[in-house]
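Structure, as structure tokens:
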Amino acid sequence: MDRLSQELSFFQQSLALRANRQEVLSANIANADTPNYKARDFDFASAMQNAMDTRMRLPDTSLALTSARHIPAQAASQAGPTDLLYRQPYQASLDGNTVDMNAERVQFADNALHYQSSMSVMNQQVKDMLRAVSE
């Protein structure tokens, strides 16, 4: 089971970061007409590197039971939240909004495409593992 976890942990982290980035980009698009809204984003490559860096990972935690009626629990540490950066506008707007809809749409579509391709690769890996187990 640990081997399966290790094989799929990269995709788990990648999909979680892609979903998080999709939310950030969606918020930018939704606030395109909001005065003084500053577009946000994060560097996916550095966020993925931080998520997969085992040197920065805290040890897993398990809780001590002090009563037989307590529910046993264990928590594996996840990568911390990504640092959101402000996007530099190509052209300043009069109302202080830094959302460039063309750039946001391109980033949104690119992120969605990467999310779908990661899902496809992960699905194929799971199918290959199931095929290997069944033979």
Side-chain angles (χ1 to χ4, degrees):
M1 290 304 288
D2 289 337
R3 174 84 175 152
L4 291 173
S5 254
Q6 290 173 352
E7 289 292 325
L8 298 177
S9 70
F10 174 81
F11 291 105
Q12 177 186 6
Q13 293 293 332
S14 175
L15 291 173
L17 285 172
R18 289 283 176 202
N20 187 7
R21 186 163 186 237
Q22 205 72 351
E23 289 177 14
V24 171
L25 294 172
S26 295
N28 289 346
I29 292 171
N31 288 293
D33 295 327
T34 304
N36 294 320
Y37 181 81
K38 308 300 181 208
R40 308 288 302 263
D41 200 358
F42 62 88
D43 180 29
F44 181 82
S46 65
M48 189 64 190
Q49 182 65 34
N50 289 341
M52 296 304 292
D53 191 5
T54 56
R55 291 176 288 141
M56 301 285 289
R57 186 169 186 249
L58 297 173
D60 293 343
T61 304
S62 65
L63 302 176
L65 300 178
T66 57
S67 169
R69 296 184 346 194
H70 287 170
I71 299 172
Q74 184 172 347
S77 63
Q78 296 287 327
T82 57
D83 294 329
L84 289 178
L85 307 171
Y86 290 102
R87 186 169 293 165
Q88 295 296 321
Y90 296 116
Q91 183 176 353
S93 65
L94 294 175
D95 66 355
N97 188 308
T98 62
V99 175
D100 178 5
M101 282 301 288
N102 291 330
E104 297 299 329
R105 286 182 189 126
V106 167
Q107 294 295 325
F108 189 88
D110 181 63
N111 193 62
L113 181 66
H114 280 94
Y115 185 91
Q116 288 295 330
S117 64
S118 293
M119 282 293 288
S120 296
V121 171
M122 186 180 74
N123 284 336
Q124 187 60 45
Q125 278 193 334
V126 169
K127 286 178 185 177
D128 290 345
M129 288 179 197
L130 288 173
R131 190 177 310 119
V133 168
S134 66
E135 290 181 358

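Just the heavy atoms: all of them, side chains too, but no hydrogens, waters or symmetry mates, feed the values below.
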[X] vs [Y] side-chain heavy atoms within contact, under 4.5 Å:
X: N28; Y: Y37; answer: yes
X: Q91; Y: D100; answer: no
X: Y86; Y: T98; answer: no
X: D83; Y: F42; answer: no

If I take atom [atom1] from residue [X] and atom [atom2] from residue [Y], how far apart are they, to the nearest 0.5 angstrom?
X: H114; Y: L17; atom1: NE2; atom2: CG; answer: 13.0 Å
X: F10; Y: M48; atom1: CZ; atom2: CE; answer: 4.0 Å
X: Q116; Y: N111; atom1: CD; atom2: CG; answer: 11.0 Å
X: D95; Y: D33; atom1: CG; atom2: CG; answer: 8.0 Å

Run the side chain to side chain contact (heavy atoms under 4.5 Å, CB included) check on L8 and Q125 step by step: do they pass?
CA-CA 9 Å; L8 298 177; Q125 278 193 334; 4.1 Å; yes
Whether the side chain of [X] engages the backbone of [Y] through a donor-acceptor N/O pair (distance < 3.5 Å, no angle test) should be reported.
X: K38; Y: G96; value: yes
X: D110; Y: V106; value: no
X: N123; Y: M119; value: yes

In chain order, what residues pass the salt bridge (charged side-chain N to carboxylate O under 4.0 Å, His left out) check against R18, with sequence neighbours excluded?
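Expected list: none.
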Under a 4.5 Å side-chain heavy-atom rule over Ile, Leu, Val, Met, Phe, Trp and Tyr, are F108 and L84 clustered together?
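No, separate clusters.
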hydrophobic_cluster_shared for V24 and I29, side chain cutoff 4.5 Å:
no
Are a donor atom and an acceptor atom from the side chains of D128 and Q124 found within less than 3.5 Å of each other?
yes
Let's go through L25 and D41 carefully: what are the C-alpha distance in whole Å and the side-chain angles of both, what is the deciding distance for side chain to side chain contact (heavy atoms under 4.5 Å, CB included) to 0.1 Å, and is it a yes or a no?
CA-CA 7 Å; L25 294 172; D41 200 358; 4.1 Å; yes
